[in-house]
Amino acid sequence: MGRNIEYTTVSEVAGPLMIVENIKDVAYNEVVKIRTSYGEERTGQVLEVYENKAVVQVFEGTRGLDTDKTSARFIGETMRLGVSKDMVGRIFDGTGNPLDDAPPIIPEERRDINGNPINPYAREYPREFIQTGISAIDGLNTLVRGQKLPIFSGSGLPHNDLAAQITRQARVLGREEKFAVVFCAMGITSEEANFFIKDFENTGAIEKTVMFLNLADDPTIERVILPRMALTCAEYLAFNLDMHVLVILTDMTNYAEALREIAAAREEVPGRRGYPGYMYTDLAAIYERAGRIKNKKGSITQIPLLTMPDDDITHPIPDLTGYITEGQIVLDRGLHKKGIYPPINVLPCLSRLMDRGIGKGRTREDHAGVANQLYAAYAEGVDLRDLVAIVGEDALSERDKKFLHFADEFEEKFVSQDAHENRTIEQTLNIGWELLSKLPLSELKKIDEKHIKKYHPQTQPKKE
Amino acid sequence: MTKKTVEGKIIRISGPVIEADRMRGAKMYDVVRVGDEHLIGEIIRLNEDIATIQVYEETSGLKPGEKVVSTNEPLSVELGPGLLTNIYDGIQRPLPAIKDETGDFISRGVEAYALDRKKRWHFKPLVKKGDRVQSGDVIGEVQETSLILHRVMIPPDVPGGVVKSVVDEGDYGIEDEIMVIKLGNSSDKVIGIRMFHRWPVRKPRPVAEKYDPSLPLITGQRVIDTFFPVAKGGTAAIPGGFGTGKTVMLHQLAKWSDANVIVYVGCGERGNEMTDVLREFPELEDPKTGEPLMNRTVLIANTSNMPVAARDASVYTGITIAEYYRDMGYDVALMADSTSRWAEAMREISGRLEEMPGEEGYPAYLASRLAEFYERAGRVRLLGSKKIEGSLSVMGAVSPPGGDFSEPVAQNTLRIVKVFWALDADLADKRHFPSINWLKSYSLYLSEVSSWWEKKIGGDWLGLRNKAMALLQKESELQEIVKLVGPDALPPREKAFLETGRMLREAFLQQSAFHEVDTYCPEKKQYDMLRIILSFSDKMHEAVEKGVHMDDIISIKSRELIARMGTFSNIDFEKHFKEIEQNMEKEIDNLIKKQNSNMTKGE
């Protein structure tokens with residue numbers, strides 16, 4: 001076959017793309033090794049192929065490529081990542097080469113980074129409660145193993161601290177099991193990367209972490225393959241080595257920008273705000289790689305971080321993400337300005353897998369009722385704030401005043417906590433009860449009467 | 001008839017779209033096998049020798065020069081016993097069989113029969129030698145599941161004739177010939193009938209006549225059945241941004257609708273949601289028969305990470321299966337979650353074809369495709385000599401970007417469907433579920449279904465419903481004023497309106513999908529709940545007019561019970577409701593009496 005032919009027939013270079021002519025026997029999505037006129041090696045991938053020409057996406061950028069001496073060699077396989085258990089504790093770059101000083105890993109297997117979709121029939125429904133020690137998440141937007149729960153943030157908000165705290169504290173109650181963290185950084189600054197590395201080092205988590213780094217000054221185009229490599233590694237750890245893997249993807253906004261850049265270079269018909277029409281499918285191919293599989297011990301839980309441009313939740317990136325992921329944790333600039341950490345605005349937050357992951361035998365029997373009641377009461381209190389801005393607090397009825405104060409206390413006592421405070425689910429629910437006990441008993445319509453009797457501080461026998 | 005197999009070769013690959021040369025003779029929408037791995041594709045454009053093909057599987061590794069072979073048949077589904085309880089991908093490959101073949105992940109080029117070839121079904125013939133039959137006639141029965149008697153029919157594309165031979169009652173596989181008919185008058189032309197046949201998915205199955213829908217599809221969801229009902233054979237759309245509860249709503253409809261057969265299409269949505277259905281439906285009981293709900297359900301799952309071209313096919317696969325059960329005379333309901341993903345699949349393919357884009361990059365034929373799809377719903381008189389009726393109701397979720405209903409998919413859908421359930425992010429944030437906005441939603445079937453309600457449930461149904469609607473409207477107007485002046489500035493009469501509105505919202509419109517009783521609310525219970533809330537409202541107004549303080553009314557004991565009516569057992573609620581209503585009247589009467597005596601004392 002025509003393998004190992006070095007084609008010097010590059011006819012066009014535009015943006016991250018390169019066109020090679022007079023080729024033979026090239027496959028769609030095949031990997032290309034490119035050598036510049038001064039001998040530098042780069043990697044690319046076939047985006048579109050005709051009988052005699054191929055459109056190649058160049059990963060390390062097209063700077064320095066020419067249409068004269070640049071050569072391309074098609075290696076006969078699609079993008080693959082060598083995976084091994086030795087990857088844990090190591091750091092890799094955007095093409096899968098180690099960034100630390102240790103020697104390259106010896107792969108046990110080489111896998112297509114695009115993976116294959118999990119057969120919905122083979123999936124196990126995620127129900128195992130993960131305690132993050134953060135009340136706004138555990139109490140109201142419970143995370144379960146195998147879920148994909150993104151954090152929607154804005155520039156300047158402490159999403160990194162929150163992600164680090166979750167990584168530090170997340171555990172499943174009453175179990176000691178093999179776990180690992182796969183950390184995938186797309187286009188974040190070296191300062192941010194160092195923050196995570198340091199935090200992981202301090203807690204010892206670094207020993208259990210696989211890092212894939214593409215920093216802000218690395219080629220944009222690599223960001224498109226980086227999460228796929230990270231997830232290929234995660235799938236191997238989870239479904240071949242029975243580990244519970246937590247995947248942190250940051251920042252998905254940079255990923256989407258990279259996607260748009262390639263689409264623009266290919267002169268595709270743009271969808272909303274210039275993002276390609278297939279962005280939903282593309283993001284889904286990443287997010288849907290979270291989950292559990294029947295009769296397999298391991299799991300993949302994803303926490304993607306994204307910064308909403310201009311804090312706009314209807315922007316295509318958070319919007320499409322929200323349509324794919326199983327809920328979202330939304331950070332709020334107003335709360336941040338009030339000095340509340342974590343600044344989680346629980347109202348637009350959601351965990352779709354919560355209902356089946358909580359309750360008796362999982363968290364506590366009163367969990368669902370308490371969560372619903374806290375939500376409803378807080379929503380009412382927040383509504384009343386608007387009213388107070390117009391008519392003043394005095395115009396409120398006694399009942400409404402209680403809800404207004406509830407909203408403030410909810411933010412200060414329930415949502416707010418220290419970055420190193422690790423609350424148990426009991427503590428979280430008890431804080432909830434304490435706040436709810438300040439509302440009239442007749443307003444607690446969302447909680448089962450049995451649970452009111454059992455847990456309401458006022459109905460408890462006083463401990464002498 | 002001589003069929004020449006068309007065989008060409010790939011000349012271009014771009015994602016799920018490929019072009020093949022030397023394809024002259026192949027027909028539009030014919031299914032082709034692509035490359036050495038025999039990937040499944042469909043011809044979507046022909047230009048002289050060149051065919052453009054959308055491939056239903058991942059195309060990585062495919063090379064120009066590989067073979068493309070036409071199967072000479074449009075994309076079709078197998079229709080016969082064994083569909084129910086199964087879960088298929090977008091092109092009707094059974095996912096359990098794929099799992100057996102390739103493991104937990106779906107790899108490419110898998111071939112699996114949609115219907116089990118080995119399974120034996122107990123077939124009972126209903127015609128005998130010498131009978132005249134025509135297309136659509138039922139010729140035999142198979143008990144497919146505990147809930148559904150599968151009626152084996154003469155396929156619509158087989159003309160009528162005389163039964164030449166028929167097998168005895170007994171166990172047969174679906175490929176066994178169970179009957180032979182002589183076609184028309186020429187005695188030498190015969191055709192064998194089996195328990196299954198194939199039907200092209202993009203071609204609606206023919207019916208004799210379309211009727212207007214007239215019966216309600218009871219869903220057990222109060223806001224739908226009472227306020228915005230859908231009719232058997234009707235169409236409805238549920239648009240809503242993410243997190244507004246579209247999927248939970250569709251699952252509720254799939255669980256509790258009083259249709260005989262449910263086809264649930266998960267089109268470009270989450271894998272875990274399909275797993276949820278698979279896990280939950282076999283455990284849930286049909287409220288009418290006590291049998292597992294799975295026994296009346298067919299699932300089509302093309303999750304968001306499965307190939308995009310098959311997403312387009314999945315809705316057609318689903319609706320063709322739904323039509324097939326309708327043709328047996330059943331009431332069928334199809335849920336499509338989400339039609340926006342289907343539209344996006346059209347857009348993606350259209351983009352790869354470099355077609356001139358319409359609004360927001362969607363192809364110009366978006367509107368007509370949506371219309372054709374919803375038009376396959378309806379209450380119909382079936383083919384066949386018995387003149388039986390069947391119905392197919394279609395409910396589609398729409399996922400508008402940013403929750404903005406002005407986008408093309410939502411707008412084009414609303415032009416077609418008769419029921420609009422507007423999901424509202426503000427309500428969802430307040431955990432008001434189902435978050436159907438009662439002021440924006442509408443149903444055009446109200447007058448059609450009201451005669452059923454008034455005959456079966458209560459003569460004043462429409463009156464109550466309209467009164468409640470007016471009260472809700474009134475409450476929302478008052479809320480605007482409250483936003484400006486605060487609730488305390490309102491006169492007592494207006495406060496009573498606010499209280500009624502709150503009661504309707506919290507006790508009636510809200511319904512917990514996760515509460516074991518409240519998840520399904522029978523028709524009579526819905527009617528009684530509404531009646532009691534409205535009689536509470538009347539009584540409250542009466543008391544307020546007589547000077548009773550609103551705070552006193554709000555703190556009566558029965559008010560709290562009224563607020564919890566949804567959770568009373570669906571079996572003996574009437575007894576409790578009667579008690580609540582009497583107590584409520586007594587308590588308010590007492591307040592009025594007390595007020596009267598205070599007044600007399602004061603004077």
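Each chain gets a letter, A, B and so on, in the order its sequence line appears, and its residues count up from 1.
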For chain B, which of A:V346, A:I324, A:T78, A:L350 has the most heavy-atom pairs under 4.5 Å? A:I324
Heavy-atom pairs under 4.5 Å with chain B are the metric here; pick the option from A:N29, A:T314, A:L283, A:D319 that has the most. A:D319
Crowded around B:H515 NE2? As in, over 12 foreign heavy atoms under 6.0 Å? yes
Side chains of B:V308 and A:T281: does their closest heavy-atom pair fall under 4.5 Å? yes
Top residue by heavy-atom pair count (under 4.5 Å) with chain A, among B:E58, B:E66, B:E269? B:E269
If you tally heavy-atom pairs under 4.5 Å between each of B:G65, B:G15, B:S340 and chain A, the highest tally belongs to B:G15
Note: vs chain B, highest number of non-hydrogen pairs under 4.5 angstrom among A:R352, A:E268, A:R292 is A:R352
Is there side-chain contact between A:R272 and B:E407, with at least one heavy-atom pair below 4.5 Å? no
Residue part contacting chain A, namely of B:R431, when any heavy atom lies under 4.5 Å: both
Between B:E344, B:R559, B:R108, B:E360, which residue shows the highest count of heavy-atom pairs closer than 4.5 Å to chain A? B:E344
Carboxylate-amine/guanidinium proximity below 4.0 Å for A:E48 and B:R12: yes
Using non-hydrogen atoms and a 4.5 Å limit, figure out which bit of B:E506 sits close to chain A: side chain, backbone, both or neither. side chain
Heavy-atom pair count under 4.5 Å with chain B, highest-scoring of A:Y375, A:Y280, A:Y287, A:F239: A:Y280
Using distance alone, with no hydrogens and no angle criterion, decide if B:N272 and A:E326 have a side-chain donor and acceptor under 3.5 Å apart. yes
Under the salt bridge (Lys or Arg N to Asp or Glu O under 4.0 Å) rule, what do B:K9 and A:E51 come out as? Steps first, then yes or no, please. CA-CA 10 Å; B:K9 66 174 177 53; A:E51 274 178 303; 2.5 Å; yes
Which one wins on heavy-atom pair count under 4.5 Å against chain B: A:A285, A:P348, A:G291? A:P348
Which bit of A:Y378 is near chain B, if near means a heavy-atom gap under 4.5 Å: side chain, backbone, both or neither? neither
Would you give the length of the straight line joining atom OH of A:Y121 to atom CG of B:D89, rounded to the nearest 0.5 angstrom? 14.5 Å
Tell me whether the NZ or CZ atom of B:R352 lies within the 45° cone about the ring axis of A:Y278 and under 6.0 Å from its centre. yes
What part of B:I87 gets within 4.5 angstrom of chain A, counting heavy atoms only: side chain, backbone, both, or neither? side chain
How long is the straight-line distance from CD of B:E57 back to CG of A:N116, given to the nearest 0.5 Å? 10.5 Å
Within the structure provided, determine whether A:R123 and B:L278 are in side-chain contact (heavy-atom separation under 4.5 Å). no
Turns out that what part of B:P16 lies under 4.5 Å from chain A's heavy atoms comes down to neither
Could you tell me if the side chain of A:P117 sits less than 4.5 Å from the side chain of B:F105, heavy atoms only? no
Which pair of non-hydrogen atoms, one from B:R347 and one from A:G277, has the smallest distance, and what is that distance? NH2-O, 3.8 Å
Part of A:D383 lying under 4.5 Å from any heavy atom of chain B: side chain
For A:R356, which atoms come within 4.5 Å of any heavy atom of chain B: side chain, backbone, both, or neither? side chain
Is A:P318 close to chain B through its backbone or its side chain, or both, or neither, when contacts mean heavy atoms under 4.5 Å? backbone
With a 4.5 angstrom heavy-atom cut-off, could you sort out which part of B:R279 is near chain A: side chain, backbone, both or neither? side chain
Name the region of A:I118, side chain, backbone, both or neither, that has any atom closer than 4.5 Å to a heavy atom of chain B. both
Please look at B:I11 and chain A and tell me whether the side chain, the backbone, both or neither of the residue comes under 4.5 angstrom of a heavy atom of that chain. both
B:I10 portion near chain A, given a 4.5 angstrom heavy-atom threshold: backbone
From the list B:P96, B:A301, B:G361, B:G241, the residue making the most non-hydrogen contacts under 4.5 Å with chain A is B:P96
Pick from A:V55, A:L347, A:L396, A:L47 with the largest number of heavy-atom pairs that fall under 4.5 Å of chain B: A:L347
Do B:Q510 and A:K445 meet the criterion of a side-chain donor-acceptor pair at a distance under 3.5 Å? no
Given a strict heavy-atom distance threshold of 4.5 Å, which part of B:E359 is in contact with chain A: side chain, backbone, both, or neither? neither
Verify side-chain contact (heavy atoms from CB on, under 4.5 Å) between B:R341 and A:Y323, making sure each step is shown before the conclusion. CA-CA 10 Å; B:R341 305 296 162 231; A:Y323 273 123; 3.0 Å; yes
What's the verdict on side-chain contact (heavy atoms from CB on, under 4.5 Å) for B:F242 and A:I313, showing C-alpha distance, side-chain angles and the deciding distance? CA-CA 11 Å; B:F242 64 82; A:I313 199 168; 4.2 Å; yes
So which part of B:T59 gets closer than 4.5 Å to some heavy atom of chain A, the side chain, the backbone, both or neither? both
B:I98 and A:N119, any side-chain heavy atoms less than 4.5 Å apart: yes
Sort A:D355 into side chain, backbone, both or neither according to what part of it lies under 4.5 angstrom from a heavy atom of chain B. side chain
Take B:K63 and A:D25 through the test salt bridge (Lys or Arg N to Asp or Glu O under 4.0 Å) and record every step on the way to the result. CA-CA 6 Å; B:K63 285 179 195 161; A:D25 211 20; 3.7 Å; yes
Against chain B, label A:D282 side chain, backbone, both or neither, depending on which of its atoms sit under 4.5 Å from a heavy atom there. neither
If you count the non-hydrogen atoms of other residues, nucleotides and ligands that lie under 6.0 Å from NZ in A:K297, is the total more than 12? no
Heavy-atom distance under 4.5 Å to chain B: side chain of A:S397, backbone, both or neither? both
Just checking A:N295: does its CG atom have more than 12 heavy atoms from other residues, nucleotides or ligands closer to it than 6.0 angstrom? no
Of the backbone (N, CA, C, O) and the side chain (C-beta and beyond), which part of A:R127 lies under 4.5 Å from a heavy atom of chain B, both, or neither? side chain
Is B:R311 in contact with chain A via its backbone, its side chain, both, or neither, using a 4.5 Å heavy-atom distance? side chain
I'd like to know which of B:V248, B:T303, B:V485 tops the heavy-atom pair count under 4.5 Å against chain A. B:V485
Pair A:E288, B:M306 - check side-chain contact (heavy atoms from CB on, under 4.5 Å), show working. CA-CA 10 Å; A:E288 276 290 325; B:M306 282 154 82; over 6 Å; no
Under 4.5 Å from a heavy atom of chain B, the part of A:Q147 involved: neither
Tell me, side chain or backbone of A:K53 under 4.5 Å from chain B's heavy atoms, or both, or neither? neither
What I'd like to find out is whether the side chain of B:D104 reaches to under 4.5 Å of the side chain of A:K296, using heavy atoms alone. yes
Report the C-alpha distance between B:I13 and A:Y50 in whole Å, list the side-chain angles of each, state the deciding distance to 0.1 Å, and finish with yes or no for side-chain contact (heavy atoms from CB on, under 4.5 Å). CA-CA 7 Å; B:I13 305 155; A:Y50 298 79; over 6 Å; no
Restricting to non-hydrogen atoms, name the atom on A:N114 and the atom on B:S60 that form the minimum distance, rounded to 0.1 Å. ND2-OG, 4.3 Å
Here the pair of heavy atoms bringing B:T275 nearest to A:P120 is OG1-O, 3.4 Å
